[in-house]
Chemist: 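Just dropping this structure here.
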Amino acid sequence: MAGKLLNLTLKVWRQAGSGQQGKFEEYKLEGVSTESSFLEMLDMLNEQLVEQDKEPVSFDHDCREGICGMCSLFINGRAHGPDRGITTCQLHMRMFNDGDTIVIEPWRSAGFPVIKDLIVDRTAFDRIQHAGGFVSVNTSGNTIDANAIPVEKEKADKAFAAAACIGCGACVATCKNGSAMLFVSAKVSQYALLPQGRVEATRRVLNMVRKMDEEGFGNCTNTGACEVECPKGISLENIARMNREFLFASLSNDIKAE
Amino acid sequence: MSIKLDSRIPEGDIHEKWKNHKDHMRLVAPNNRGKIDVIIIGTGLAGGAAAASLAEMGYNVKAFCYQDSPRRAHSIAAQGGINAAKNYQNDGDSVYRLFYDTIKGGDYRAREANVYRLAEVSGSIIDQCVAQGVPFAREYGGLLDNRSFGGTQVQRTFYAAGQTGQQLLLGAYSAMNRQIGKGRLQMFNRHEMLELVVVDGKARGIIARDLVTGEIQRHSAHAVVIASGGYGNVFFLSTNAMGSNGTSVWKIHKKGAAFANPCFTQIHPTCIPVHGDQQSKLTLMSESLRNDGRIWVPKKKEDAEAVRAGKLKPTDIAEEDRDYYLERRYPAFGNLVPRDVASRAAKERCDAGFGIENNATGEGVYLDFSASFVKYGKEKANELDIHNPSQEEIIKLGKKVVEEKYGNLFTMYEKITGDNPYETPMKIYPAVHYTMGGVWVDYNLMSSIPGCFVTGEANFSDHGANRLGASALMQGLADGYFVLPYTIADYLADDIRTGTISTDTPEFEEAEKQVNERIQHFLTNKGSKTVDYFHKKLGRVMWNKVGMARDAEGLKEAIKEIEEIRKEFWRDVKVPGSDKTINMELEKAGRVADFLELGQLMAIDALNRNESCGGHFRTEYQTEEGETLRDDEQYSYVAAWEYNGEDINQEILHKEDLNYKYIKIAARNYK
């Protein structure tokens with residue numbers, strides 16, 4: 001097999017449940033291939049734990065190709081680990097050295113309560129979307145021809161760049177205020193940029209921002225850590241756009257959040 | 001034999017079938033829809049679209065997914081695009097041509113009426129998604145952009161960079177959110193369906209497990225829709241998400257739903273090769289890359305050996321020493337041949353000793369963009385009015401163009417392999433991707449259990465023996481938005497007076513008991529081997545003997561070996577922890593138990609089909625040139641298997657004949 005083998009020490013956050021006290025446990029792991037991914041390394045750890053009749057470490061993961069947004073993890077104090085522009089599942093062990101100690105923690109934020117070990121509850125993100133993360137269109141088969149809604153290429157590209165958010169929550173986890181502004185602004189921006197979303201744009205931004213506040217996320221102080229740690233490069237520009245949309249909506253007399 | 005297969009294909013000309021059928025199906029009046037409960041398992045394109053549409057119509061919908069949010073369903077990982085017969089590019093596309101390409105691409109093993117309907121509604125899908133705000137790629141004039149995909153000679157694929165599945169799924173998810181916000185759709189995240197409840201022969205509910213609290217729940221409904229995707233994880237290594245499983249389709253199979261063509265598995269040609277024993281899954285590189293990448297291996301064996309030994313770099317190999325084997329063998333389609341053809345051709349070269357991966361497998365071929373860098377660079381230089389640019393400048397400009405088209409894929413490749421594909425060709429190899437087989441359904445997408453519908457990848461009907469690129473997203477959304485909402489009403493029309501279905505009946509009791517017994521068996525078994533040990537063992541048998549190439553002898557061995565693994569699994573599996581909390585080992589144990597049975601049926605089905613077609617390649621049945629040799633006389637049928645007790649060898653084969661009235665069956669030729 002190509003690649004080298006690493007021996008590692010892992011400090012992993014273990015917590016039996018949401019109401020319970022958690023603590024770090026230390027594990028030794030040998031023979032980890034530099035070709036394998038970070039989650040494959042955790043798979044190895046779990047195999048080892050099960051073989052020793054211990055409970056494996058619970059962590060969220062699914063597609064393992066950087067797109068579903070299910071994986072999380074604070075690794076050595078960084079959301080999704082030391083590399084830029086990737087999710088934990090895309091992090092590979094060639095980023096580490098033989099003999100390293102790696103500290104692995106869940107997302108830590110009031111908006112994301114721990115469920116077990118490294119798994120947190122991110123359903124607040126869903127609830128914010130229920131409040132307006134959509135265009136109101138019915139499935140009827142009678143929608144107008146797609147090319148009857150032309151969209152300027154630059155705007156379509158920008159809308160796509162905002163829509164590329166995977167909802168992983170790295171932005172919240174890494175923000176000192178626990179703010180969800182990058183996430184919410186990405187959705188607000190996508191629709192604000194497209195003709196399809198304009199009709200209900202004012203109501204959308206008011207409702208989504210209100211819900212975001214209700215869910216206990218902090219405010220944005222433009223630190224920019226979210227943008228740095230975002231695996232999909234969602235831009236701070238979206239937060240500016242959301243603020244502009246919000247200000248406009250707040251100043252318009254006839255539309256209120258509902 | 002209890003199952004009777006009635007495909008219920010409407011009479012009449014194929015162009016009129018769907019329209020006539022819609023005109024004559026029964027309806028449920030708006031004021032009655034609130035009296036009807038529908039359960040949907042899975043929230044990918046098929047399940048999410050159906051959940052949103054049915055909730056919007058006014059039914060009470062409960063949707064279930066095992067992930068923490070419906071937005072994470074594996075449809076999100078589809079990269080390349082979605083087909084639709086819009087003919088926006090004026091290159092001669094039409095509903096008939098899309099229909100024809102799909103039937104031909106499926107090697108004449110799909111159902112004609114279903115595929116025609118798919119092609120017919122394809123245009124509405126794009127309209128719907130655009131109206132939802134899906135940011136498809138645009139041209140400068142603001143119109144939608146299209147590209148071409150494997151197996152076709154027109155540009156009918158709509159896309160959003162390399163993340164089309166993501167954007168389409170987020171579209172369906174946003175439609176779901178609108179209904180959840182209105183309180184019409186109840187979402188059960190982190191829940192798994194573990195049993196179907198059948199009452200008086202009809203699907204009437206499910207037993208689900210809350211994966212966080214471990215609570216076993218009873219949910220009743222007037223109809224149950226299974227939209228749980230494919231079962232490719234039978235192979236352990238595949239491009240599926242880690243949690244993708246076959247449990248819901250297998251559970252309904254055991255309750256009476258026929259399982260069709262289980263052996264038709266698509267092996268995708270452009271995946272990142274296996275790195276070693278610690279590998280957990282495989283990553284696909286979008287097929288769209290074949291538009292601009294050329295596939296080759298060294299022409300000389302000694303070069304291939306030197307590459308594998310790490311002594312020679314691909315860029316050291318001269319142009320004349322490269323074998324562009326797809327362009328050589330299939331000049332008309334070249335690198336754009338369908339997936340099964342491209343996959344087999346790669347295997348053939350690697351088996352012949354020309355593979356290039358420098359690890360234990362030795363398997364891999366190059367996907368090389370250097371010619372495109374030059375082509376696009378020259379175009380760009382002209383566009384920018386740069387006269388007499390140097391070769392270096394041209395390549396630099398070309399790389400920028402390619403980056404715009406596939407940047408995210410190139411980055412992904414680099415993150416995974418550590419190689420920069422702008423500087424050295426990508427290495428690719430085929431991997432298990434999509435299961436064309438699935439639960440048998442009639443034209444209305446209903447399984448052989450009344451009231452149990454199956455949509456998207458989980459059913460069998462539209463792709464035949466092989467799926468063309470960009471047709472999976474199309475089927476998922478067609479089923480969810482535009483087929484099921486009509487056909488399910490026809491069935492539910494009988495249920496407007498039924499009232500709420502009680503969960504306090506012997507049938508629910510019994511189903512819950514089965515679930516609890518299984519869970520307790522795993523937790524108290526105290527065996528010596530982990531769940532993954534068995535899953536990997538199954539996967540190796542599946543890949544080696546039921547994989548890209550099969551023969552009768554290997555299949556017979558596989559059937560026996562799987563049986564042995566299954567016995568050992570039930571005897572010796574070890575699952576730690578409790579059932580009252582998140583326990584992923586317990587979840588996996590249940591899924592692997594089902595894969596073990598399903599894997600065996602796949603081998604049995606492959607052994608039964610004495611021909612080669614699409615993703616099913618029996619080495620005994622090939623032409624002198626190594627192409628698939630179909631036997632239309634004997635095997636132009638859907639193999640629908642009926643469960644018949646614990647011994648999978650005893651499953652009963654039913655045949656649905658495939659009649660092609662609108663397409664003349666011919667050998668599939670891409671030369």
Side-chain angles (χ1 to χ4, degrees), chain A residues 1-2 17 33 35-36 40 43-44 47 50-51 53-56 58 60-70 86 90 92 94 115-116 119 122-123 126 129-131 133-139 141 143-147 149-153 156 159-160 163-164 167 190-191 194 196-197, chain B residues 52-53 56 67-69 71-72 74 76-77 88 124 126-128 130-133 135 138-144 160-161 163 166-167 170 174-175 177-178 180-181 189 212 241-243 275-276 278-281 283 358-360 412 415-416 418 481-482 530 532 574 576-577 581-582 584-585:
Chain A
M1 183 167 58
S33 165
E35 296 291 302
S36 57
E40 284 165 354
D43 291 341
M44 270 181 85
E47 280 291 287
V50 176
E51 276 160 15
D53 288 320
K54 291 180 186 151
E55 259 207 71
S58 300
D60 264 334
H61 64 97
D62 202 20
C63 77
R64 296 209 175 181
E65 41 190 287
I67 193 74
C68 77
M70 188 110 171
I86 56 165
Q90 292 171 300
H92 274 64
R94 70 178 73 86
I115 296 175
K116 187 179 180 183
I119 297 180
R122 287 172 285 196
T123 47
D126 284 327
Q129 305 258 39
H130 302 160
F134 48 80
V135 173
S136 296
V137 54
N138 287 353
T139 337
T143 326
I144 57 165
D145 185 84
N147 261 349
I149 312 173
V151 184
E152 212 180 315
K153 181 173 170 14
F160 169 78
Q190 178 196 343
Y191 294 131
L194 294 172
Q196 299 93 313
Chain B
S53 302
E56 174 193 299
Q67 299 92 340
D68 71 328
S69 163
R71 65 173 294 148
R72 314 221 193 269
H74 197 53
I76 204 156
Y88 282 159
S124 302
I126 304 301
D127 298 342
Q128 178 69 25
V130 166
Q132 284 171 343
R138 299 270 168 176
E139 294 169 353
Y140 281 102
L143 302 178
L144 290 153
Q163 299 169 33
Q166 178 194 33
Q167 291 311 318
L170 293 182
S174 71
N177 285 332
R178 179 166 168 247
I180 294 171
N189 301 335
V212 176
M242 297 297 284
H275 66 66
Q278 293 174 14
Q279 187 111 27
S280 63
K281 76 152 270 162
T283 301
N358 62 339
N359 66 22
M412 183 169 95
K415 294 292 178 193
I416 291 173
Y481 285 137
F482 298 118
T530 64
D532 275 0
K574 159 160 71 178
T581 167
I582 289 185
M584 289 176 173
E585 289 296 304

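To find a chain, count down the sequence lines: A is the first, B the second, and so on, and within it residues start at 1.
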Chemist: Taking all non-hydrogen atoms of both residues, which atom of B:Val130 and which atom of A:Ala146 are closest, and how far apart?
Modeler: CG2-CB, 3.7 Å
Chemist: Looking at CD of B:Gln166 and CD1 of A:Ile67, how far apart are the two atoms once the value is rounded to the nearest 0.5 Å?
Modeler: 4.0 Å
Chemist: State whether the side chain of A:Asp53 and the backbone N or O of B:Pro576 hold a donor-acceptor pair below 3.5 Å, judged by distance alone.
Modeler: no
Chemist: Quick one: does A:Glu40's side chain have a donor or acceptor within less than 3.5 Å of a partner on B:Ser280's backbone?
Modeler: yes
Chemist: Tell me, do A:Ser36 and B:His275 make a side-chain contact under 4.5 Å, heavy atoms counted?
Modeler: yes
Chemist: Name the region of A:Phe160, side chain, backbone, both or neither, that has any atom closer than 4.5 Å to a heavy atom of chain B.
Modeler: both
Chemist: Please state whether the side chain, the backbone, both or neither of A:Ile144 comes within less than 4.5 Å of a heavy atom of chain B.
Modeler: backbone
Chemist: I'd like to verify something: which residue of B:Glu585, B:Met584, B:Met242, B:Gln132 has the highest number of heavy-atom pairs under 4.5 Å with chain A?
Modeler: B:Met242
Chemist: Where does B:Glu139 contact chain A at under 4.5 Å (heavy atoms): side chain, backbone, both or neither?
Modeler: backbone
Chemist: Check whether any side-chain N or O of A:Asp62 sits under 3.5 Å from a backbone N or O of B:Ala241 as a donor-acceptor pair, and report yes or no.
Modeler: no
Chemist: If we ignore angles and hydrogens, is there a donor and acceptor under 3.5 Å between the side chains of A:Glu47 and B:Thr530?
Modeler: yes
Chemist: Is B:Gln279 in contact with chain A via its backbone, its side chain, both, or neither, using a 4.5 Å heavy-atom distance?
Modeler: both
Chemist: Non-hydrogen atoms of chain B under 4.5 Å away: do they reach the side chain of A:Thr123, the backbone, both or neither?
Modeler: side chain
Chemist: Please classify the contact between A:Ala156 and chain B as side chain, backbone, both or neither, with a heavy-atom cut-off of under 4.5 Å.
Modeler: both
Chemist: Given a strict heavy-atom distance threshold of 4.5 Å, which part of A:Met70 is in contact with chain B: side chain, backbone, both, or neither?
Modeler: both
Chemist: With a 4.5 angstrom heavy-atom cut-off, which part of B:Gln67 approaches chain A: side chain, backbone, both or neither?
Modeler: both
Chemist: Tell me, for B:Tyr481 versus chain A, whether the close heavy atoms (under 4.5 Å) come from the side chain, the backbone, both or neither.
Modeler: both
Chemist: Report which part of A:Arg64 has an atom under 4.5 Å of a heavy atom belonging to chain B: side chain, backbone, both, or neither.
Modeler: both
Chemist: If you count heavy-atom pairs under 4.5 Å with chain B, which of A:Gly66, A:Gly17, A:Gly69, A:Ser58 comes out on top?
Modeler: A:Gly69
Chemist: Name the member of A:Val137, A:Ile119, A:Leu194 that forms the most heavy-atom pairs with chain B at distances under 4.5 Å.
Modeler: A:Val137
Chemist: Counting only non-hydrogen atoms closer than 4.5 Å, does B:Ser124 touch chain A with its backbone (N, CA, C, O), its side chain (CB onward), both, or neither?
Modeler: side chain
Chemist: Can you tell me how far apart CD1 (B:Ile126) and OG1 (A:Thr143) are? Round to the nearest 0.5 Å.
Modeler: 11.5 Å
Chemist: Could you give me the CA-CA distance, side-chain angles and deciding distance for B:Arg178 and A:Ser136, then say whether side-chain contact (heavy atoms from CB on, under 4.5 Å) is met?
Modeler: CA-CA 7 Å; B:Arg178 179 166 168 247; A:Ser136 296; 3.6 Å; yes
Chemist: Locate the shortest heavy-atom distance separating B:Gly133 from A:Gln190; write the atom from each residue and the value.
Modeler: O-NE2, 2.9 Å
Chemist: Got A:Asp60 and B:Arg72 here, is their nearest side-chain heavy-atom distance under 4.5 Å?
Modeler: no
Chemist: Given a strict heavy-atom distance threshold of 4.5 Å, which part of B:Asn189 is in contact with chain A: side chain, backbone, both, or neither?
Modeler: side chain
Chemist: Looking at B:Leu143, B:Val212, B:Thr283, which has the largest count of heavy-atom pairs under 4.5 Å with chain A?
Modeler: B:Leu143
Chemist: Test side-chain contact (heavy atoms from CB on, under 4.5 Å) on A:Asp145 and B:Tyr88; report intermediate values, then the result.
Modeler: CA-CA 11 Å; A:Asp145 185 84; B:Tyr88 282 159; 2.6 Å; yes
Chemist: Chain B: which of A:Asp126, A:Val135, A:Ile115, A:Asn138 shares the most heavy-atom pairs with it under 4.5 Å?
Modeler: A:Asn138
Chemist: Nearest heavy-atom pair of A:Arg94 and B:Ile416: which atoms, and what distance?
Modeler: NH2-O, 2.8 Å
Chemist: Quick one, B:Lys281 and A:Glu65 - any side-chain contact, counting heavy atoms below 4.5 Å?
Modeler: yes
Chemist: How about A:Gln90 and B:Met412: do any of their side-chain heavy atoms sit closer than 4.5 Å?
Modeler: yes
Chemist: Please flag which part of B:Gln128 lies under 4.5 Å from any non-hydrogen atom of chain A: side chain, backbone, both or neither.
Modeler: both
Chemist: Output the option from B:Gly243, B:Gly577, B:Gly418, B:Gly181 having the highest count of non-hydrogen pairs under 4.5 Å with chain A.
Modeler: B:Gly418
Chemist: Over all heavy atoms of both residues, which pair between B:Arg138 and A:Pro150 is shortest? Give the atoms and the distance, please.
Modeler: NH1-CA, 3.9 Å
Chemist: If I measure from the heavy atoms of chain B, does A:Asp43 come under 4.5 Å with its side chain, its backbone, both, or neither?
Modeler: side chain
